[in-house]
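Take a look at the structure set out below.
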Amino acid sequence: MNESQQRLAQHLISGLNLEDITPADIDPQAPLFGEGLGLDSIDALELAVIVERQYGVRIPNMEVGKQAFASVAALDSFIRAQPPTAANAS
Amino acid sequence: MPRIAGTALLSGHGDLESTVTALDGGNGDPAPLLGDPLTAALHVARAALSGDSPDQVILATTKGDLPRWRADLRASTGTGAGGPAWLASHIAAAFACPGFAVSAACASGPLALGVAARGILARRWRRVLVIGADRIDDFISEGFAALRAIDPARCRPFDAHRAGLRLGELVAAVVLETAEIRDGLFLQGWAGGMDANHLTGPTRDGSGLARTLHAALARAAAAQPALVIAHGTGTRYNDDSESLAYRSVCPATPVTAFKGLLGHSLGACGIAEFALASVIRRRGRTPGCANLQQAGCAGAITVLPPGVHTLAAGPLLLANAGFGGLNGAVVLGDLPAKPSSSTTTPRRASWVRLDGRGWRRERADGSAENGTWNEPGEGDTLPRLSARCVLGHVDATWGRMDLSCRALVALGHLLGPLPSASAIVLATASGSAASDRLHDQAVGVGAVDPQRFPYTLPTTPIGEASIRLGVRGPGFSVHGADPQAVRELVYDLLRDGIPGVLVAWIEADRPPHTAHAEWWTG
């Protein structure tokens with residue numbers, strides 16, 4: 001896992017309340033939903049909030065979310081592909 | 001029996017008659033209801049009773065007097081004022097009879113009606129006042145907005161372009177009584193059931209609700225209803241799932257829904273829709289589905305367009321669905337319900353208690369087992385009950401559960417495996433106070449978490465237990481009833497054909513910090 005994936009995994013863990021899970025437990029290529037990490041659609045809505053709060057990137061709808069949230073690696077690429085805006089957070 | 005002795009309603013459109021007139025008029029939006037829920041509830045109660053006295057009050061609600069409950073949460077001395085038990089006891093006090101609240105999220109209405117019906121069939125009560133009341137403020141509206149469930153334009157149930165619900169306050173009352181006469185309208189059938197699938201979304205194929213519809217029609221000894229009064233919230237998933245359920249259970253029956261004009265009144269909606277159904281059945285005409293322009297749902301059903309429609313003879317089927325995958329359905333018709341079985345002898349097979357150090361399980365045969373937590377709590381206070389501790393492995397969706405949810409899942413695991421058709425009954429006064437407090441702090445400051453809001457219901461532990469234990473019978477919580485009164489409801493369920501009931505008493509968030517449960521079979 002590279003550094004930005006590591007940081008994203010940490011945001012997921014604290015934002016989604018992933019109790020007793022560390023970044024090392026998350027395979028960056030594994031699906032976040034269903035088999036894989038085992039998140040559900042309530043977490044998907046929360047994930048959209050996390051991405052907006054932490055990265056200033058808005059997920060307009062859950063169709064976009066479905067693509068972006070495939071895995072930690074996919075979400076990291078999605079965030080880094082967004083044009084930087086003045087409102088972007090850390 | 002149970003015969004419908006009276007009905008009343010108060011919405012932003014006026015009393016029961018004025019609300020029917022508004023629905024007949026076709027399209028519109030929810031109108032605000034002024035006043036506190038206790039005053040409004042007493043007003044509709046007196047109108048429905050018309051001078052008679054009830055011997056039991058049952059309140060269908062999700063949160064009771066929510067603004068008062070929130071103020072209580074913020075007070076260091078939190079006493080539970082404003083919550084479901086508080087509101088039920090204050091309504092009952094006005095009629096000098098016992099009262100408690102029954103909750104099943106947005107399906108509270110049909111579950112409360114079922115509790116009333118079984119108590120009447122058991123001859124424990126002669127006249128039950130069932131009240132539906134919920135207060136809606138920014139605690140609720142910001143929560144549904146975070147779940148992206150609110151239509152910014154208007155609520156359009158079953159419409160191809162629907163985009164969510166609208167909230168709307170109302171209070172309603174239904175009086176059910178024992179009756180030797182066969183004249184009038186009756187609560188002819190009732191059923192509850194759980195999806196055991198997802199905390200906020202219904203089963204995509206409608207199979208969860210379909211099972212509950214079948215059970216309610218079977219209880220009513222009714223084949224095909226003349227009309228379905230649907231939950232019809234106007235969200236994409238709810239209406240698709242509901243349409244598939246009606247398509248599979250009663251494909252020829254026309255469907256209407258009232259939340260376009262009335263809005264979603266949460267735990268009150270089932271009682272309001274039942275009061276409206278009694279007027280509709282009596283006059284033989286129904287309002288169509290307000291705000292419908294172009295029907296478009298996954299299941300091919302006949303949705304009645306706005307306007308007034310003549311009804312065929314026969315009973316009406318009403319359904320509601322709530323968070324936790326909790327479903328309920330009732331049948332209103334002109335035949336008394338069949339009596340319950342009197343041959344079932346309820347038997348407490350096993351019971352379990354949690355404390356800060358571990359758990360103790362006992363069985364009717366006198367055997368007992370103990371277990372200790374690998375992460376104990378301080379003194380007798382329950383520990384955090386991690387997934388590793390309860391399930392033996394980590395779980396990605398465990399961390400969002402408050403201690404009440406964890407305790408109920410743990411109790412279920414220790415008593416299980418439970419048959420799929422079992423019921424879950426949860427008695428609690430503190431309910432979801434831990435999650436409520438966190439959500440309350442986020443409201444008004446733009447910090448509401450979509451992940452938190454579904455846990456701000458006292459019935460969410462039931463939904464979590466249903467999903468994690470694969471239990472699909474009726475599920476509801478009880479607030480303000482003593483342990484023996486709760487056990488009476490368990491006996492009623494067993495005599496009504498439910499094979500087993502997990503009943504739990506949980507006060508995880510406030511003293512006495514206890515959690516114990518019993519497993520009953522027929």
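Within every chain, numbering begins at 1; the chains are lettered A, B, ... in the order of the sequence lines, protein sequences first and strands thereafter.
Once rounded to the nearest 0.5 Å, the distance linking CG of L45(A) with CZ of F453(B) reads 12.5 Å. The structure places CG of D40(A) at 7.0 Å from OG1 of T200(B), a figure rounded to the nearest 0.5 Å. Between atom CG of residue D20(A) and atom CD of residue E375(B) there is a gap of 6.5 Å, rounded to the nearest 0.5 Å. Atom CD1 of residue I21(A) and atom CG of residue D395(B) lie 7.5 Å apart, to the nearest 0.5 angstrom. Summarising the geometry, atom NE2 belonging to H198(B) is positioned 5.0 Å from atom CD1 belonging to I42(A); distances are rounded to the nearest 0.5 Å.
The local environment of CZ in R204(B) is sparse, with at most 12 non-hydrogen atoms from other residues, nucleotides or ligands closer than 6.0 Å. Counting heavy-atom neighbours within 6.0 Å of F33(A) CZ, excluding the residue itself, gives a total above 12. Shown here is Q10(A), whose CD atom has more than 12 heavy atoms of other residues, nucleotides or ligands within 6.0 Å.
The two atoms that bring D449(B) and E46(A) nearest to each other are OD1-OE2, 2.5 Å, heavy atoms only. Closest approach of A48(A) to R148(B), counting heavy atoms only: CB-NH2, 3.6 Å.
Among G399(B), A396(B), P450(B), the residue making the largest number of heavy-atom pairs under 4.5 Å with chain A is P450(B).
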> Run the side chain to side chain contact (heavy atoms under 4.5 Å, CB included) check on Q451(B) and V49(A) step by step: do they pass?
Replying inline: CA-CA 10 Å; Q451(B) 201 197 43; V49(A) 171; over 6 Å; no
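Here E19(A) pairs with R384(B) in a salt bridge; the nearest charged N to carboxylate O distance falls below 4.0 Å.
For L16(A), the parts lying under 4.5 angstrom from a heavy atom of chain B are both the backbone and the side chain.
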